[in-house]
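Throughout, protein chains are lettered first and strands after them, A, B, ... in sequence-line order, and every chain is numbered starting at 1. Excluded from the calculations below are hydrogen atoms, water molecules and symmetry mates; all remaining heavy atoms, backbone and side chain alike, are included.
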There are 2 protein chains.
Amino acid sequence: MKMQQLRYIVEIVNQNLNVTETANALYTSQPGISKQVRLLEDELGLEIFERNGKHIKSITPAGKKIIAIARELLVKAESIKSVANEYTRPDHGVLRIATTNTQARYMLPSVVERFSKQYPDVSLHIHQGSPTQIHDALMSGEVDLAITTEAPYLFDDLIQLPCYLWNRSAIVKADHPLAKVKNLTIEALGQYPLVTYTFGFTGVSDLDYAFNAAGILPNIVFTATDADVIKTYVRLGLGVGIMASMAHTELDHDLVAIDAGHLFRSSMTQIAFKQSTFLRNYMYDFIEYFSPHLTRPMVEKAERLRDNNAIKKLFDNVKLEVK
Amino acid sequence: MKMQQLRYIVEIVNQNLNVTETANALYTSQPGISKQVRLLEDELGLEIFERNGKHIKSITPAGKKIIAIARELLVKAESIKSVANEYTRPDHGVLRIATTNTQARYMLPSVVERFSKQYPDVSLHIHQGSPTQIHDALMSGEVDLAITTEAPYLFDDLIQLPCYLWNRSAIVKADHPLAKVKNLTIEALGQYPLVTYTFGFTGVSDLDYAFNAAGILPNIVFTATDADVIKTYVRLGLGVGIMASMAHTELDHDLVAIDAGHLFRSSMTQIAFKQSTFLRNYMYDFIEYFSPHLTRPMVEKAERLRDNNAIKKLFDNVKLEVK
DNA sequence: CGGGCTTACGAATATCGTAACGATA
DNA sequence: TATCGTTACGATATTCGTAAGCCCG
């Protein structure tokens, strides 16, 4: 069993069982991969992929388990390289983060600015996507850290750390009737067409929950995955925007934000990484820049605890910032 | 980075940094290992081993971390092979257990008998040793399961499952004054020279605790790592034996066992394995044979929980057998 | 000077790419 | 018939063993 072979079978799965694509992705020849896969299968004495004649059709049950373990193994191999780099080039490396548009656009810039100044030789890659995509990117090892607001993914080997709480504001044009309202109510919101986040994004369930509790069926006329699009359509007069308060900036002087924090449950932004990944020194710093209470000792304590319930307790007496 | 290279560096550490021994252990040539180690070090750009001229002197800090990860990686590789064997030869394989003499001698035989009948093609290897050796054997991957009575090893990637409780008896020859005592007291024990387990074995701390609590300094004249040796010296008249009650069998008709369960804290026997190991089907069965409440679903639930505190809770309402 | 690591070198083996083939949809 | 995996084969690398060299205690 060679690591290459494991890399091949994992990448074949990543490429939806297309060996030719896999060869391209790995910059090697397609027959080479076929052969190595066969050799591995011979060594293990079973088929990892089910073939239909000469086409790969699916993964066998045994193959699924093997690939899952192979993934973990390859992460360990990456960790070894990271450890080596940590010693040979302490402040050189890559930091890959998956997050939602809102985080990338409104929360990360100041952190990134500080980080880049401190670590000019660490190249930063921000992957944007839906919570599902973020989760996949993290689990497949495409990224090192995930910053999300969605529900915790239980039973995964993830360490999840609480960063801060945030809530929503209603966004309207300055001439909108709601613009002068002092105490926004859920009923008032229910009277207007709404523009908000697409389902599955940044705490939409908290929004649903509040309307349901009030017995109101909200008239959602448009959804988008990011606040900029929401603002654009609010400007077009399509409806009242409901979005993360932090997405309303001083540049939006034509729009009025009416705090709606009392109407909806707060969402929590978390930073997550796989239990098995080796964190570079600069990654600890990035985490602390993002959330000052997540100091390196705290993060390491959480790593040792492993269990997310225990981690939750660890931060019970930390007062999270509200944004 | 090749798996072979990782195997080499891990084995060099296992062999106390002696490369020649490592070569023998791995059935290969010594220069081959030296070369591969150098190649790995070149690739990683750092030294894993510190050399004094041409002798390997110690492990570098980076090397320590790398070797720790390499160990985990190799366990994953073994897991892949196990998965394959599980599918191709379900009832064939190896089961390696590390345990103390008392377990091996008095508790395992019936389990092994049943297991061997059920799985004639699984070869069983029982490693005996001190709790420390058992722990090491488990962590280094020498064995699959550990059966111990010692304190839980926290912060290790171990799953620990409670098996049963046991306590001690005082063992004397039939003509000994204590032989006719109905209610044994700690003070009575304190009047005689004692023969018991060596420190670090099978719950010696519970024994110390009871004597300390009673303000008695026990006169321990002889200690041994196993009950058979203790019995032998009791027969020689060296003193009163204190050992696991289950170690007194019908063959010991010349010795009288006086239950001392009310004098000492019960010890708990646990079965442990590394979180990262893949358990073969027959391993689940072995565990259940050993402790009927540890059914496969229960063990799998514990594996998912990972956290030993959570696991403890899982078994809170299970009434453990007392042996 | 002997145990123990490294270097040198050659044989066996493995890997990988190109080209040709075959099968499926 | 086009797409995609397998087979064949040769060039190149890698691995591993033997033999010789070298250094430290």
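Between Gln4(A) atom CD and dC16(C) atom C1' there is a gap of 10 Å when expressed in whole angstrom units. As a whole-Å value, the separation of Asn16(A) CG from dT3(D) C1' is 16 Å. Across the protein-nucleic acid pair, Leu17(A) atom CG and dT24(C) atom P stand 18 Å apart, rounded to whole Å.
Nearest to the side-chain atoms of Val19(A) among the listed nucleotides dC5(C), dG5(D), dC16(C) stands dG5(D). For Ser29(B), the side-chain atoms get nearest to dT18(D) when compared with the rest of dT18(D), dC5(C), dC16(C). Relative to the side chain of Lys2(A), the nucleotides dC5(C), dT18(D), dA14(C) differ in distance, and dA14(C) lies closest. You'll find that the side chain of Gln30(B) is closest to dC5(C), out of dT15(D), dC5(C), dT6(D).
Between Tyr8(A) and Lys35(B), the residue whose closest nucleotide on DNA chain C is further toward the 5' end is Lys35(B). Residue whose closest nucleotide on DNA chain C sits further toward the 5' end, between Gln5(A) and Arg51(B): Arg51(B).
Listed for the Gln103(A) side chain is no donor-acceptor partner under 3.5 Å among the backbone atoms of Thr100(A).
Under 4.0 Å is where a charged nitrogen must lie from a carboxylate oxygen, and between Glu300(A) and Arg296(A) at least one such pair does. Looking at Lys274(A) and Glu78(A), no side-chain N of the basic residue comes within less than 4.0 Å of a carboxylate O on the acidic one, giving no salt bridge.
Using a 4.5 Å heavy-atom threshold, the side chains of Asp144(B) and Met283(B) count as touching.
Using a 4.0 Å heavy-atom cutoff across all strands shown, Thr20(A) reaches sugar-phosphate atoms only and no base atom. Thr28(B) comes within contact range of the sugar-phosphate backbone alone, with a heavy-atom separation under 4.0 Å but no base atom that close.
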